[in-house]
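All remarks here apply to the structure that follows.
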Amino acid sequence: MIPEPRPEIGRLVPPEHGGRLALGVSGCGLLDFSTTVHAYGPPARVRDAVAQCNLDEYPDPHAADFCAGLAERFNLPTGLVMAGNGSVELLRLVGLAYIRQRDPVVVVGPTFEEYRMAAEIMGGEVQEIRAQGFGSARPDVQCILDAVRRLRPRVTFLCNPNNPTGTYWDAAEVQALLRACHPGLLVMDGAFQAFVESAWDPLLLVEEGPILLIRSMTKDYAMAGLRLGYAIGAPSIMEPLRRAQTPWGVSAPAQAAGLAALEDREYLQRVMAAVRRDARELVSALRAAGYQPEVGATHFFLLRVEDGRHAAQTLHAQGFLVRLCSSFGLPRHIRISPRRPLENESLVRALSALQTPARAL
Ligand SMILES: Cc1ncc(COP(=O)(O)O)c(C=O)c1O
């Protein structure tokens, strides 16, 4: 006999993720449009920093140098910043530190499934608020405010800009949400903020109420393999997360890489400009091919096809991975993240050749 796991664990439905390895796809030569990590790779100095990193002692459990680098970048006191083993660790810590059994938790959907996980693993009761009917449309802001006032969630998760739809709430909308959530915690995941052409500064909200901002070095600097994310918030909000965090959870290579990435001052601007240009060109080419990409503020976008699974399988057979969206409740969509220009052109050729059942409606 072995002990039963906690019932919450037994009930968990594992989230789905894009990316070749998460999809269980092996073999080289595949072009991966299913992951949201951009295709330009990390700054060269990140690889040097990792190679030179000291591996024979424990890393700094507080990742103090990396946090100091972030604090300097954002002109913040260091106590407002903490590092995590990917932003996903920070989301799980929110659950661990704040969500109790049967606590109401609001998730604005369709969205990244790790918010649901962070809540359900602790026994929280998730209400996903999403647009009426079938589709990728963003829910009406007023509906969400009303739902939050009614449900009084302990934690509300907002992915801004959102994965997979790219919808982007403006500062006034998030401010209204923060007020509606009060005294509950609003967690705003800005993993894709750097991809937005004219993003507003969410740091403005840190003093306005209980909000925690989550960011991902993975997405900004294309260093998914290292696992590094960070949170920004009032010290009183972060303290419980710090207490619950695994010691040495952020590895020495990840800390060194993060510092090196921050030191490359012009990388983000240069690479994000290229990623946005590639996305624009890919979208225009798909429109010219008769598709109607559903474009938001991010580089990735949704493409409505008649049958997402059929389209994804057909493309896979030709060497292209795209993200099936059934796990977001969007079985008629695929999500595409642009790669480099020539690779994007080859995807457009493959999509152009898809026969009517998988073609845009
Ligand atoms: C919205 C969002 N937040 C966070 C993450 C996880 O990022 P990290 O690699 O920093 O854990 C992802 C990954 O796809 C994501 O889509």
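A quick note: this is a predicted structure, and the numbers were derived from the prediction, not measured. Order of appearance sets the numbers: ligands from 1, and atoms from 1 within every ligand.
For R152, the CZ atom is loosely surrounded, since the number of other residues' heavy atoms within 6.0 Å does not exceed 12.
Ionic pairing of E113 and R116 is present here: one or more N-O contacts between side-chain nitrogen and carboxylate oxygen are shorter than 4.0 angstrom. Of the charged side-chain nitrogens involved, none lies within less than 4.0 Å of a carboxylate oxygen, so that D48 and R45 do not count as a salt-bridged pair. E294 has no carboxylate O lying under 4.0 Å from a charged side-chain N of R332, or vice versa, which leaves the two without a salt bridge.
Near T218, meaning under 4.0 Å from one of its heavy atoms, ligand 1 places the atoms 8 (P), 9 (O), 10 (O). Residue contact check: Y115 has heavy atoms under 4.0 Å from atoms 1 (C) of ligand 1. Atoms of ligand 1 lying under 4.0 Å from at least one heavy atom of R227, given by number and element, are 8 (P), 9 (O), 11 (O). For ligand 1 and G86, the ligand atoms under 4.0 Å from any heavy atom of the residue are 10 (O), 11 (O).
Neither side chain, Y221 nor D264, offers a donor N or O lying under 3.5 Å from an acceptor on the other. A donor-acceptor contact closer than 3.5 angstrom is absent between the side chains of T35 and D32.
Checking S87, P161, G18 against atom 4 (C) of ligand 1, the nearest heavy atom belongs to S87.
Using a 30° and 60° split on the angle between ring planes, H38 and Y40 fall in the tilted class, from 30° to 60°.
Counting protein heavy atoms only, atom 3 (N) of ligand 1 is closest to D189 OD2, 2.6 Å. Residue, atom and distance of the protein heavy atom nearest to atom 12 (C) of ligand 1 are F112 CZ, 3.2 Å. Of the protein's non-hydrogen atoms, the one nearest atom 16 (O) of ligand 1 is N163 ND2, 2.8 Å. The protein heavy-atom contact nearest to atom 13 (C) of ligand 1 is K219 NZ, 2.9 Å.
With a 4.0 Å cut-off on non-hydrogen atoms, C159 touches ligand 1 through its side chain and not its backbone. Contact annotation: for V88 versus ligand 1, heavy atoms closer than 4.0 Å belong to both the backbone and the side chain. The residue Y230 has no part lying near ligand 1, judged by heavy-atom distances below 4.0 Å.
Using 4.0 Å as the threshold, M217 has no heavy atom nearer than that to any atom of ligand 1.
R276 forms no cation-pi arrangement with F195, by the criterion of a distance under 6.0 Å to the ring centre and an angle within 45° of the ring axis.
The line from CZ of F112 to OG1 of T36 is 8.0 Å long, rounded to the nearest 0.5 Å.
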